[in-house]
Amino acid sequence: PKELTITNLQGKEREYDTTKTIQIEGGELQGVISGDNVQAQVSPTGEAEEAEPGTWKVRIGEITLTGEDAGNYTIKQPEYGEITGKIKKSQAELVIECADKVYNGQPGEPKKVSGLNTSEVKYRYYKKGETQELQESPKTVGEYEVEGYQESDGNYEAVTSQKVSYKITPKELTITNLQGKEREYDT
C-alpha cells in the first residue's frame, strides 16, 4: 500500500474554559493518486497539553482512511507536537452590588457577587449621573454609582462591571435630656 500524509491539521483557537479539549480543523491528504476515492477520518477533538491559555501540542486519536480505494493506502500518523492549538484568555464577567446605607462616616461597601477572574476587585466611584471619577470612595450623604474592575489574571482578560447605584442617606439624630427651664409665672 502507498503511504499518505495529512497536512494543515490544527487545533482550532478557542477561549479558556478550564478543559484541555480542543476542536480539530483542517487536514488535507497528500499523495492520493488522481481519481482514487480516499478520505481521512479525523477525530473532531483532541487534547491540549494544558488547559491554561497558551499554544499547546495537541494529541489526537488515530486517523483512519475510508473510501472505496482506502485499502490501497496507509496513513502516516502525525507525530505528537505536529498539531498545535491556541487557548486564549477568556472574557470574564464581573457582577457587583452595593447596598444603600445610612451615613456613618464610612464609605459604601461594594462587593463582588460573581465573576471568574481571580485578581483583586478594585472600585471606581462617581456622583450619580456624572462621568468624572471621584478621587476617593464617598462617605457623605448623596447618590452615587460604583463600578468594579479587575486586571487580567492568568486565564481571564481584564474586566469592568456595570455601574451600580447606591445612596448614603442622612442619619437620624435624637435629642435626649431636653427639659424646659423652670421659671416664675408671668402674665
Side-chain angles (χ1 to χ4, degrees), residues 10-26 43-60 83-187:
Q10 62 188 17
K12 183 177 181 180
E13 183 176 303
R14 68 163 175 86
E15 287 189 357
Y16 171 78
D17 68 1
T18 74
T19 71
K20 293 182 179 183
T21 302
I22 199 161
Q23 289 184 343
I24 303 300
E25 62 183 2
S43 173
T45 61
E47 185 175 286
E49 291 176 276
E50 299 290 336
E52 286 73 35
T55 300
W56 305 108
K57 296 175 186 175
V58 177
R59 184 178 311 282
I60 64 169
I83 302 169
T84 60
K86 182 175 182 179
I87 298 174
K88 60 185 182 176
K89 289 184 179 186
S90 185
Q91 298 295 318
E93 179 182 65
L94 173 62
V95 178
I96 65 166
E97 67 183 10
C98 189
D100 291 345
K101 65 178 279 172
V102 174
Y103 171 77
N104 66 356
Q106 299 298 312
E109 298 176 9
K111 65 179 180 179
K112 178 178 177 177
V113 175
S114 66
L116 298 172
N117 186 321
T118 58
S119 65
E120 175 187 3
V121 180
K122 298 177 183 172
Y123 298 98
R124 291 187 277 257
Y125 296 88
Y126 305 87
K127 284 189 177 182
K128 185 163 179 124
E130 296 184 13
T131 57
Q132 184 170 345
E133 182 180 350
L134 299 173
Q135 295 299 312
E136 58 183 32
S137 54
K139 300 175 185 176
T140 58
V141 171
E143 292 188 45
Y144 302 100
E145 294 177 312
V146 59
E147 68 184 357
Y149 65 99
Q150 292 176 294
E151 301 296 329
S152 175
D153 68 5
N155 299 323
Y156 296 96
E157 297 288 350
V159 62
T160 300
S161 73
Q162 291 200 355
K163 287 183 179 176
V164 174
S165 297
Y166 72 100
K167 297 176 190 176
I168 298 177
T169 56
K171 178 177 179 150
E172 184 176 291
L173 299 177
T174 57
I175 299 175
T176 59
N177 296 325
L178 185 62
Q179 301 175 1
K181 185 175 180 183
E182 188 176 305
R183 65 178 182 89
E184 284 189 22
Y185 176 77
D186 62 2
T187 55

*Asks:* Please determine whether the number of non-hydrogen atoms from other residues, nucleotides or ligands lying under 6.0 Å from atom CD of Glu133 exceeds 12.
*Replies:*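 For Glu133, atom CD is crowded (more than 12 foreign heavy atoms under 6.0 Å).
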
*Asks:* Where do Cys98 and Pro110 come nearest, in terms of heavy atoms and distance?
*Replies:*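 For Cys98 versus Pro110, the nearest heavy atoms are SG-N, 3.7 Å.
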
*Asks:* Applying side chain to side chain donor-acceptor pair (under 3.5 Å), can you list everything that pairs with Lys89, at least two apart in sequence or on another chain?
*Replies:*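 By the side chain to side chain donor-acceptor pair (under 3.5 Å) rule, Lys89 matches Ser152.
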
*Asks:* Not counting sequence neighbours, which residues clear salt bridge (charged side-chain N to carboxylate O under 4.0 Å, His left out) with Lys88? List them please.
*Replies:*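 For Lys88 the salt bridge (charged side-chain N to carboxylate O under 4.0 Å, His left out) partners, ignoring immediate neighbours, are Glu13.
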
*Asks:* Specify the closest pair of heavy atoms between Val146 and Ile96, including all atoms of both residues, with the distance to one decimal.
*Replies:*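 Val146 and Ile96 have their closest heavy atoms at O-CD1, 3.8 Å.
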
*Asks:* Does Asp153 use its side chain to pair, donor to acceptor, with the backbone of Thr118 at less than 3.5 Å?
*Replies:*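 Indeed, once roles are kept as given, a pair shorter than 3.5 Å links the two residues.
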
*Asks:* In chain order, what residues pass the salt bridge (charged side-chain N to carboxylate O under 4.0 Å, His left out) check against Arg59, with sequence neighbours excluded?
*Replies:*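 If we apply the salt bridge (charged side-chain N to carboxylate O under 4.0 Å, His left out) test to Arg59, skipping adjacent residues, there are no hits.
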
*Asks:* Are the side chain of Gln150 and the backbone of Ser119 linked by a donor-acceptor contact shorter than 3.5 Å?
*Replies:*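 Yes: the side chain of Gln150 pairs with the backbone of Ser119.
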
*Asks:* Answer yes or no: is there a donor N or O on one side and an acceptor on the other, between the side chain of Ser90 and the main chain of Ala92, under 3.5 Å?
*Replies:*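 Pair absent, no side-chain N/O of Ser90 close to backbone of Ala92.
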
*Asks:* Is there a donor-acceptor contact under 3.5 Å from the side chain of Asn117 to the main chain of Glu151?
*Replies:*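 Yes: the side chain of Asn117 pairs with the backbone of Glu151.
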
*Asks:* Do side-chain atoms of Arg14 reach the backbone of Thr21 as a donor and acceptor pair under 3.5 angstrom?
*Replies:*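 Checking the backbone N and O of Thr21 against the side chain of Arg14, a donor-acceptor pair under 3.5 Å is found.
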
*Asks:* Do any N or O atoms from the side chain of Glu49 and from the backbone of Lys57 form a donor-acceptor pair under 3.5 angstrom?
*Replies:*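 Pair found, side chain donor or acceptor close to backbone of Lys57.
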
*Asks:* Return the minimal non-hydrogen interatomic distance between Glu52 and Ile87, and the atom names on each side.
*Replies:*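 The pair with the smallest heavy-atom distance is O-CB, 3.9 Å.
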
*Asks:* Quick check against the 3.5 Å criterion: does Lys163 have a side-chain atom that pairs as donor or acceptor with the backbone of Lys128?
*Replies:*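 Answer holds: no.
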
*Asks:* Relative to each other, are the rings of Tyr125 and Tyr166 parallel, tilted or perpendicular (30° and 60° limits)?
*Replies:*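 The arrangement is perpendicular - the two ring planes meet at more than 60°.
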
*Asks:* Search all heavy atoms of Ile83 against all heavy atoms of Ile60 and return the closest pair with its distance.
*Replies:*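 The pair with the smallest heavy-atom distance is CD1-CD1, 3.5 Å.
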
